[in-house]
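Beneath this line is the structure, given in structure tokens, with notes to follow.
Numbering of residues begins at 1 and proceeds along the displayed sequence.
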Amino acid sequence: MTGAGGAARLAGVIRHGSRTMSSKISHVEFHVLQTEAETRPHWVSLFKVPNANELLVRLRTDDGVKGFGLATSYTDIAPITKVVADGFADLILGMDALAPEALYEKLFALTSSRQAAERGWGREALIRISAAVDLACWDIVGKTAGLPLYRLFGGYRNQVPCYVTCAYYRDGKDNAELRDEIEMLVAQGHRGFKGKVGGLSLAEDIARMEIVREVIGPDRDLMIDVNRAWDLKTAIEGARLLTPLKPVWLEEPVRWTDDRRELKLLAQSTAIPLSGGESEITSYGCRSLLEEQAVQILQFDCTMFGGFTEGRKLAALCELNHVDVAPHHDCFIHAPLVAASPAGRIVESFTDPERDPLQAELYENPPHIADGWLTLNEAPGLGLTLSAEALAKFARPVASAGR
């Protein structure tokens with residue numbers, strides 16, 4: 001179907017009263033996606049990263065159109081499941097899946113409501129759930145239009161660069177194991193590599209990143225992620241020591257307490273571009289990073305806050321402010337947004353199934369990644385089909401409502 005035809009079809013669905021009813025959400029179900037804890041967890045500088053810890057929401061409309069969305073959590077997912085098991089799904093039933101702005105506004109408003117306070121619904125949990133529901137609605141919008149979301153969002157291109165995150169800390173992991181890891185990823189064909197620092201002394205971390213650069217060679221991209229571990233003085237010195245390795249960016253280099261001011265001060269002493277945004281919990285926090293000119297690359301995460309409704313707005317702001325879009329986590333979810341905008345730079349992948357079994361197994365038709373590029377599917381909506389086998393392996397039902 002052409003873009004014009006798909007847009008006309010969608011307009012007809014919204015315009016004609018007989019069809020408007022069919023966009024109402026008639027069934028909602030929530031699952032938690034988890035696996036057994038790793039015997040050797042992956043650590044960043046300050047915390048352990050779960051290899052699978054997500055909320056899956058699946059929606060169905062009156063006429064049988066289905067969509068899904070995900071919410072990522074790096075902390076205990078119990079506060080999120082508490083909310084969805086406490087009647088949250090009933091708030092979604094009957095809402096128009098083709099009006100994600102209205103539905104997102106309704107759900108996000110709960111973060112400032114007496115209802116949430118009375119029921120003990122935490123703000124962060126509500127933000128995560130709202131994001132997942134929003135993604136599911138946009139999946140339905142795309143399927144109703146018969147178009148992949150990257151085309152509905154702008155259709156700038158159908159391929160996006162893709163890098164791999166690596167060099168995590170693990171118990172007993174030495175530099176020989178690090179070298180083996182990077183050699184494995186080079187053999188997979190990656191062109192960009194993001195290494196973790198901040199968990200050891202500067203000297204030890206610089207030595208680790210020197211190994212990564214040596215293995216990947218001078219022509220592949222190296223990004224460095226501190227995960228907010230350094231104070232400003234350490235960040236300034238760390239940036240100086242890393243400069244010979246030619247990093248593409250330095251990610252979340254300073255602690256959270258005064259990060260916007262410290263990012264601006266750090267930028268005055270290094271030519272390495274700075275990135276951040278994943279640790280914000282709203283699009284307003286990311287907007288502040290842009291307004292204060294604290295970063296050159298914005299890394300919001302649509303599965304942690306905002307969904308595509310807010311992610312599209314942030315991508316537009318980035319384009320207008322000459323800031324690149326490089327979302328955190330989940331390359332398959334974020335690829336449509338990055339592909340749709342001239343500001344879209346790159347997506348993040350995890351191609352070691354031990355680190356991220358969901359990327360490896362969750363979809364029957366994952367987009368193809370080769371030679372540092374991800375090619376988007378042309379199937380409508382997100383273009384992704386959940387694997388029944390993976391759901392049987394990872395999914396635990398939490399709540400459902402409707403028929």
Between [atom1] on residue [X] and [atom2] on residue [Y], distance to nearest 0.5 Å:
X: Gln296; Y: His322; atom1: CD; atom2: NE2; result: 13.0 Å
X: Leu376; Y: Leu384; atom1: CG; atom2: CG; result: 9.0 Å
X: Leu242; Y: Ile206; atom1: CG; atom2: CD1; result: 3.5 Å
X: Gln34; Y: Thr81; atom1: CD; atom2: OG1; result: 8.5 Å
X: Gln359; Y: Ile369; atom1: CD; atom2: CD1; result: 5.5 Å
X: Leu298; Y: Arg287; atom1: CG; atom2: CZ; result: 13.0 Å

Is a side-chain donor or acceptor of [X] paired with a backbone partner of [Y] at a separation under 3.5 angstrom?
X: Asn53; Y: Ser73; result: yes
X: Arg260; Y: Glu292; result: no
X: Arg396; Y: Val32; result: no
X: Gln293; Y: Lys264; result: no
X: Lys106; Y: Leu91; result: yes
X: Asn365; Y: Gly383; result: yes
X: Asp174; Y: Glu177; result: yes
X: Asp134; Y: Thr309; result: yes
X: Asn321; Y: Val323; result: no
X: Thr111; Y: Arg123; result: no

Shortest non-hydrogen contact between [X] and [Y], atoms and distance:
X: Asp205; Y: Gly199; value: OD2-N, 3.6 Å
X: Cys331; Y: Ser349; value: SG-CB, 4.0 Å
X: Ala335; Y: Leu374; value: CB-CD2, 3.7 Å
X: Arg403; Y: Asp62; value: NH2-OD1, 3.4 Å
X: Ile224; Y: Pro247; value: CG1-CB, 4.0 Å
X: Ser341; Y: Glu319; value: OG-OE1, 3.8 Å

Margin query: For Ser279 and Glu252: C-alpha separation, side-chain torsions, deciding distance, then whether side chain to side chain donor-acceptor pair (under 3.5 Å) applies.
Written below: CA-CA 9 Å; Ser279 296; Glu252 291 195 323; 2.8 Å; yes
Checklist line | salt bridge (charged side-chain N to carboxylate O under 4.0 Å, His left out) between Arg255 and Glu262, intermediate numbers included | finding: CA-CA 9 Å; Arg255 295 180 298 190; Glu262 291 185 353; 5.6 Å; no
Checklist line | Step-by-step side chain to side chain contact (heavy atoms under 4.5 Å, CB included) determination, Leu103 to Val133 | finding: CA-CA 9 Å; Leu103 183 49; Val133 172; 3.8 Å; yes
Please check if the number of heavy atoms outside [X] that lie under 6.0 Å from its [atom1] is greater than 12.
X: Lys66; atom1: NZ; value: no
X: Lys48; atom1: NZ; value: no
X: Arg170; atom1: CZ; value: yes
X: Glu105; atom1: CD; value: no
X: Glu118; atom1: CD; value: yes
X: Glu389; atom1: CD; value: no
X: Arg261; atom1: CZ; value: no
X: Tyr156; atom1: OH; value: no

Next item on the list: Walk me through it: do Lys196 and His42 pass the test side chain to side chain contact (heavy atoms under 4.5 Å, CB included)?
Entry: CA-CA 11 Å; Lys196 299 291 185 177; His42 290 73; over 6 Å; no
Check: Yes or no on side chain to side chain contact (heavy atoms under 4.5 Å, CB included) for Phe308 and Ile333, after CA distance, side-chain angles and deciding distance?
Finding: CA-CA 10 Å; Phe308 286 143; Ile333 295 293; 4.1 Å; yes
Kindly assign one of parallel, tilted or perpendicular to the pair [X] and [Y], based on the angle between their ring planes and the thresholds 30° and 60°.
X: Tyr74; Y: Phe47; value: tilted
X: His334; Y: Phe300; value: perpendicular
X: Phe108; Y: Tyr284; value: tilted

Next item on the list: Given salt bridge (charged side-chain N to carboxylate O under 4.0 Å, His left out), test Glu101 with Lys313 step by step and report yes or no.
Entry: CA-CA 11 Å; Glu101 283 275 3; Lys313 298 169 187 176; 3.3 Å; yes
Margin query: Given Lys143, which partner from the list Asp139, Ile140, Leu147 fulfils the side chain to side chain contact (heavy atoms under 4.5 Å, CB included) test?
Written below: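 When side chain to side chain contact (heavy atoms under 4.5 Å, CB included) is applied between Lys143 and each of Asp139, Ile140, Leu147, only Asp139 qualifies.
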Next item on the list: Report the C-alpha separation of Gln159 and Thr375 in whole Å, then their side-chain angles, then the decisive distance to 0.1 Å, and conclude whether the side chain to side chain donor-acceptor pair (under 3.5 Å) test is met.
Entry: CA-CA 4 Å; Gln159 288 185 313; Thr375 302; 2.9 Å; yes
Margin query: Set out, in order, the CA-CA distance, both residues' side-chain angles and the distance that settles side chain to side chain contact (heavy atoms under 4.5 Å, CB included) for Gln115 and Trp121, then state yes or no.
Written below: CA-CA 8 Å; Gln115 178 185 4; Trp121 292 356; 4.2 Å; yes
Margin query: Does any part of the side chain of Leu126, heavy atoms only, come nearer than 4.5 Å to the side chain of Phe88, both counted from C-beta?
Written below: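 Answer yes - side chains close enough.
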Check: Any side-chain heavy atom of Trp43 within less than 4.5 Å of one from Lys173?
Finding: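 No, side chains not in contact.
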Note to self: What verdict does the ring-ring contact (aromatic ring centres under 6.0 Å, His included) test give for His329 and Phe350, after you've listed the backbone C-alpha separation in whole Å, the side-chain angles of each residue and the deciding distance to 0.1 Å?
What the structure shows: CA-CA 8 Å; His329 189 56; Phe350 304 90; 5.6 Å; yes
Next item on the list: Walk me through it: do Thr303 and Asp330 pass the test side chain to side chain donor-acceptor pair (under 3.5 Å)?
Entry: CA-CA 8 Å; Thr303 73; Asp330 210 323; 5.5 Å; no
Check: What's the verdict on salt bridge (charged side-chain N to carboxylate O under 4.0 Å, His left out) for Glu378 and Arg151, showing C-alpha distance, side-chain angles and the deciding distance?
Finding: CA-CA 9 Å; Glu378 291 295 332; Arg151 293 195 181 276; 3.2 Å; yes
Notebook entry, point to check: Could Glu237 and Arg240 be called an ion pair, given the rule that one side-chain N must be under 4.0 Å from one carboxylate O?
Noted result: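 Looking at Glu237 and Arg240, the cut-off is met.
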Next item on the list: Give the C-alpha distance, both sets of side-chain angles, the deciding distance and a yes or no for salt bridge (charged side-chain N to carboxylate O under 4.0 Å, His left out) between Glu124 and Arg128.
Entry: CA-CA 6 Å; Glu124 185 171 315; Arg128 298 283 192 270; 3.1 Å; yes
